[in-house]
J.: 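Mind having a look at this structure? Questions to follow.
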Protein chains: 2
Amino acid sequence: MTEDPKTLDQRDAARLFSFFTEIGIINQLSMALFAKSLPDGVHPSHFSILNHLVRTGDGITPIRIAGAMQVTKTTMTHSLKVLTERGFITTGPNPEDARGKLVYLTEAGRAFRDAAIQSVVGMFGHLLEPEHYKIMEELGSGLEVLRKFLDENRM
Amino acid sequence: MTEDPKTLDQRDAARLFSFFTEIGIINQLSMALFAKSLPDGVHPSHFSILNHLVRTGDGITPIRIAGAMQVTKTTMTHSLKVLTERGFITTGPNPEDARGKLVYLTEAGRAFRDAAIQSVVGMFGHLLEPEHYKIMEELGSGLEVLRKFLDENRM
DNA sequence: CTTATATGGTCCGACATCGAACCTAATTGG
DNA sequence: CCAATTAGGTTCGATGTCGGACCATATAAG
């Protein structure tokens, strides 16, 4: 019909659907498993925030965390409130911007993150077979290309 | 320390984390894009139910749909209520099981699904490049292995 | 047959997430 | 220097999802 290279033919459309379906199911199943390996009612998103603070260093703004986690600032406000109530983080004023805050890890937060990693690695480690790690490694670069592209083109 | 082949070394643990992180981000970004391409407040999960009914045929039970969509029956009850209110499905008694229901597509539901596909294909089609379809195709089989494994081992 | 258990579905409460509206402070234009 | 716009955060209401409790029917055990 058309020669526009960006027009989807039926095969492309089918690939698109099945690909994102697989991604969605894997995400859902792995997140459910992940959630079960976390202690009493700590959501994976909470763990991710703590993990991000450990890896990139704390003393950063909620907005930056929200950007890294791909969630809205509204969601981040809520998540940080939960983490504060659990004693895993503290917040203080931002000396460079009177509108903003800075987020800091507590010792409890750091310890919780370490324990959670042990728990998660234990659960997945007893489940996955060596071939699965091989697959994950093989898929890594392709996924990265797609992730970066989607990230750059989001609206 | 140990020779247990299922004990994760640091490289495996890192692969595990980065893999599921990529999956999570791709899922989130693509779902957000997907949601934006659907008309006025129809959630991707609602579309998926309609799509499933078209592809596998209607007149099936809510439980079967829930299994296929990987959600709980509680969630399915809610989703079907929304779809019924929008006039996209109807439900009737199950002649073979007095406890159960059967779900049927309406003409409006079928039309909505078709229109949504056009919209989604249009949005992604104008965004993705040929190389991305190639990548998706290459990743398909590996993702399928992981998905099936997670699906069989969920608890 | 009667009882125990499993299954289809709904209701309720909890929670993560989002968008819209809003406030405050920073930045930019004039 | 002042007005307009941008950016960091919070609050509010809505929605999707889940787990637990519950009801009704179907199936299995005795």
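For clarity, every value in this text was computed on a predicted model and none was experimentally measured. Every chain is numbered from 1 and lettered A, B, ... according to where its sequence line falls, protein lines coming before strand lines.
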J.: Output the rounded distance in Å from CD1 (B:Ile65) to P (C:dG9).
T.: 9 Å
J.: Examine C:dA16: is either OP1 or OP2 under 4.0 Å from a nitrogen or oxygen in the side chain of A:Thr75? Give yes or no.
T.: no
J.: Ignoring backbone atoms, test whether A:Thr72 places a side-chain nitrogen or oxygen under 4.0 Å from the OP1 or OP2 oxygen of C:dG19.
T.: no
J.: Check the phosphate of D:dG16 against B:Ser79, side-chain N and O only, distance under 4.0 Å to OP1 or OP2. Yes or no?
T.: no
J.: How are the rings of A:Phe34 and B:Phe17 set relative to one another: parallel (under 30°), tilted (30 to 60°) or perpendicular (over 60°)?
T.: perpendicular
J.: For A:Val82 and for B:Arg64, locate the closest nucleotide of DNA chain C by heavy-atom distance; then report the residue assigned to the nucleotide nearer the 5' terminus.
T.: B:Arg64
J.: Regarding A:Thr74, tell me which of base, sugar-phosphate or nothing describes its non-hydrogen contacts under 4.0 Å with the strands shown.
T.: base
J.: With the threshold set at under 4.0 Å for non-hydrogen atoms, list the residues of residues 94-103 of chain A touching DNA chain D in residue-number order.
T.: A:Arg99, A:Gly100, A:Lys101
J.: Quick one: B:Leu80 CG to C:dG8 P, roughly how many Å, whole number?
T.: 15 Å
J.: Reckon B:His43 touches a base, only the sugar-phosphate, or nothing at all at heavy-atom distances under 4.0 Å?
T.: sugar-phosphate
J.: Grab the NE2-P distance between A:His78 and D:dT15 for me, whole Å please.
T.: 18 Å
J.: Nearest whole angstrom, please: distance from the C1' of D:dC12 to the NZ of A:Lys81.
T.: 11 Å
J.: Less than 4.0 angstrom from a charged side-chain N to a carboxylate O is my criterion; do A:Glu85 and A:Lys81 meet it?
T.: no
J.: Would you please say whether a donor-acceptor pair under 3.5 Å links the side chains of B:Ser45 and B:Ser48?
T.: no
J.: Both A:Gln28 and A:Lys73 contact DNA chain D. Taking the nearest nucleotide for each, which residue is further toward the 5' end?
T.: A:Lys73
J.: Once you round it to whole Å, what is the distance between P of D:dG16 and CD1 of B:Ile49?
T.: 10 Å
J.: How far apart are the closest heavy atoms of A:Phe124 and A:Tyr133, and which atoms are they?
T.: O-OH, 4.1 Å
J.: Is A:His46 close enough to C:dA16 that one of its side-chain N or O atoms is under 4.0 Å from OP1 or OP2 there?
T.: yes
J.: Tell me whether A:Gln70 contacts the main-chain N or O of B:Gln28 through its side chain, where contact means a donor paired with an acceptor under 3.5 Å.
T.: no
J.: Between C:dT10 atom P and B:Met76 atom CE, what is the distance in whole Å?
T.: 11 Å
J.: Rounded to whole angstrom units, what separation is found between the CG atom of A:Leu38 and the C1' atom of D:dC18?
T.: 16 Å
J.: Quick one: does B:Ser119's side chain have a donor or acceptor within less than 3.5 Å of a partner on B:Ala115's backbone?
T.: no
J.: Taking CD1 from A:Ile63 and C1' from D:dT10, how many angstroms apart are they, rounded to a whole number?
T.: 11 Å
J.: Salt bridge between B:Lys148 and B:Glu144, side-chain N to carboxylate O under 4.0 Å?
T.: yes
